[in-house]
Amino acid sequence: TKYLPKKIHTLGGRIVHEFTIGENLIYASKMGSGSVVTAISATTLLSNFQVDHVFSAGPAAGIKDPLEIGTWYFVDRHMPYHVGSHKPGGFVNSGDWVELEKVSEHVLSGVTATSGEVFVASNRERDRIASLTGASILEMNLHGLSEATEARNIPLSCIRVISDYGDDNASEDFAKF
């Protein structure tokens, strides 16, 4: 009961739970799947509450070895993998790396993330994205969340837990996770 929400807000169909932990007022909301939905959810929350720092936790696919399912990682930086143009020689990514705030110097190993709009469950697509970006993990929220926090000059920290490998078995692994 110590950490039960003291208030529940509904904003544009999104639910925001309000907690107090110590002297800190915490707003928690499920962002949804995909960068666009996450940007809308984050913008709704950030437009209605005074926020000093955003902390994000959620699942991600490990796309470089040796990342283990169930292990949490701090995200040092991220970039979108779907920003760019299709040229005759293939897709050219024009996304830039965005540095994130470190949660703690003592907590977790750091990884780089790439963020997109769709759940990847394909060896070929996972390998293409890994080659294109060089990222360690693949997830669906950071690009939208980062855009919303950067627009308001609010620091963003992020941890991700490996839920699958973005490969041909990702749908089954994620469901088990």
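Quick caveat: nothing in here was measured; it's all calculated off a predicted structure. Computed from heavy atoms alone, side chains included, the values below leave out hydrogens, waters and symmetry copies.
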Asks: Could you go step by step and tell me if V75 and I159 meet the side chain to side chain contact (heavy atoms under 4.5 Å, CB included) rule?
Replies: CA-CA 6 Å; V75 179; I159 61 172; over 6 Å; no
Asks: Taking the side chain from S29 and the backbone from M31, do they hold a donor-acceptor pair closer than 3.5 Å?
Replies: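 No; judged by distance alone, with no hydrogens or angles, the pair does not exist.
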Asks: Between D164 (side chain only) and A61 (backbone N and O only), is there a donor and an acceptor less than 3.5 Å apart?
Replies: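 Side chain of D164 to backbone of A61: no pair is present.
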Asks: Stepwise, does the side chain to side chain contact (heavy atoms under 4.5 Å, CB included) test hold for R160 with L142?
Replies: CA-CA 10 Å; R160 290 291 183 259; L142 265 176; 3.8 Å; yes
Asks: Taking atom types as modelled, find out whether R14 and T44 have a side-chain donor-acceptor pair closer than 3.5 angstrom.
Replies: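 Per modelled atom types, R14 and T44 side chains form no pair under 3.5 Å.
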Asks: Taking side chain as C-beta onward, heavy atoms only, is E18 less than 4.5 Å from L25?
Replies: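 In short, these two side chains touch, coming nearer than 4.5 Å.
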Asks: Examine distances only and state if a side-chain atom of Y27 and a backbone atom of Q50 form a donor-acceptor pair shorter than 3.5 Å.
Replies: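 Answer holds: no.
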Asks: Quick one: side chain to side chain donor-acceptor pair (under 3.5 Å) partners of H17, sequence neighbours excluded?
Replies: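 Partners of H17 by the side chain to side chain donor-acceptor pair (under 3.5 Å) criterion come out as none, since no residue qualifies.
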Asks: Say whether, by atom type as modelled, one donor and one acceptor occur between the side chain of T149 and the main chain of L156 under 3.5 angstrom.
Replies: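 Pair absent, no side-chain N/O of T149 close to backbone of L156.
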Asks: How far apart are the C-alpha atoms of S47 and R152, what are their side-chain angles, what is the distance that settles it, and do they pass the side chain to side chain contact (heavy atoms under 4.5 Å, CB included) test?
Replies: CA-CA 9 Å; S47 297; R152 289 164 180 75; 3.2 Å; yes
Asks: Output yes when a side-chain donor or acceptor of D76 lies under 3.5 Å from a complementary backbone atom of T112, and no otherwise.
Replies: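 Between the backbone of T112 and the side chain of D76 there is no qualifying donor-acceptor contact (under 3.5 Å).
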Asks: Tell me every residue that passes ring-ring contact (aromatic ring centres under 6.0 Å, His included) with F177, counting only those two or more places apart in sequence or in another chain.
Replies: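 Checked F177 against ring-ring contact (aromatic ring centres under 6.0 Å, His included); zero matches.
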Asks: Side chains of S146 and H78: closer than 4.5 Å at any heavy-atom pair?
Replies: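 A side-chain contact under 4.5 Å exists here.
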Asks: Say whether, by atom type as modelled, one donor and one acceptor occur between the side chain of N169 and the main chain of E172 under 3.5 angstrom.
Replies: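 Pair absent, no side-chain N/O of N169 close to backbone of E172.
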Asks: Do Y73 and I162 touch side chain to side chain, with heavy atoms closer than 4.5 Å?
Replies: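 SC-SC contact between Y73 and I162 confirmed.
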Asks: Can you name the nearest heavy-atom pair linking V111 to L67, along with the distance?
Replies: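 Heavy atoms only, the tightest pair is CG1-CD2, 4.3 Å.
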Asks: Do any N or O atoms from the side chain of E117 and from the backbone of V36 form a donor-acceptor pair under 3.5 angstrom?
Replies: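 Flag set: sc E117 to bb V36 pair under 3.5 Å.
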Asks: Taking K6 for the side chain and T20 for the main chain, is one N or O donor matched with an acceptor at less than 3.5 Å?
Replies: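 Not at all, since once roles are kept as given, no pair shorter than 3.5 Å links the two residues.
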Asks: Using only heavy-atom distances, determine whether the side chains of S122 and R128 contain a donor-acceptor pair under 3.5 Å.
Replies: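 No pair is found: no donor N or O on one side chain lies under 3.5 Å from an acceptor on the other.
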Asks: So, the side chain of N141 versus the backbone of G32: is there a donor-acceptor pair under 3.5 Å, distance only?
Replies: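 The answer is yes, because a donor-acceptor pair under 3.5 Å joins these two groups.
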Asks: With a 4.5 Å limit on heavy-atom distance, are the side chains of L45 and V51 in contact?
Replies: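 Sidechains of V51 and L45: in contact.
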Asks: Do F55 and I137 sit in the same hydrophobic cluster, where Ile, Leu, Val, Met, Phe, Trp and Tyr count as joined when their side-chain heavy atoms come under 4.5 Å apart?
Replies: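 Cluster IDs for F55 and I137 match.
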Asks: Would a distance-only check, ignoring hydrogens and angles, find a side-chain to backbone donor-acceptor pair under 3.5 Å from S163 to A60?
Replies: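 Indeed, once roles are kept as given, a pair shorter than 3.5 Å links the two residues.
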Asks: Is there a continuous path of hydrophobic side-chain contacts, each under 4.5 Å between heavy atoms, that joins L138 to V118?
Replies: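 Same cluster: L138 reaches V118 through Ile, Leu, Val, Met, Phe, Trp or Tyr contacts under 4.5 Å.
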Asks: Would a 4.5 Å heavy-atom cut-off, applied to side chains only, mark I69 and Y165 as touching?
Replies: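 In contact.
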Asks: With a 4.5 Å cut-off on side-chain heavy atoms, are L145 and V54 touching?
Replies: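 Yes, close enough: below the 4.5 Å cut-off.
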Asks: With the side chain counted from C-beta on, respond yes when H53 and S157 share a heavy-atom pair under 4.5 Å apart, and no when they do not.
Replies: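 Yes, their side chains come closer than 4.5 Å.
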Asks: Can you check whether V16 reaches F49 side chain to side chain, under 4.5 Å on heavy atoms?
Replies: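 Yes, close enough: below the 4.5 Å cut-off.
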Asks: Shortest non-hydrogen contact from G116 to S35?
Replies: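 Shortest heavy-atom contact: O-OG, 3.5 Å.
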Asks: If a pair satisfies ring pair (Phe, Tyr, Trp, His ring centres under 6.0 Å) and one of its residues is in residues 115-147, list it, with sequence neighbours excluded.
Replies: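 Qualifying pairs, neighbours excluded: H82-H143, F119-F174.
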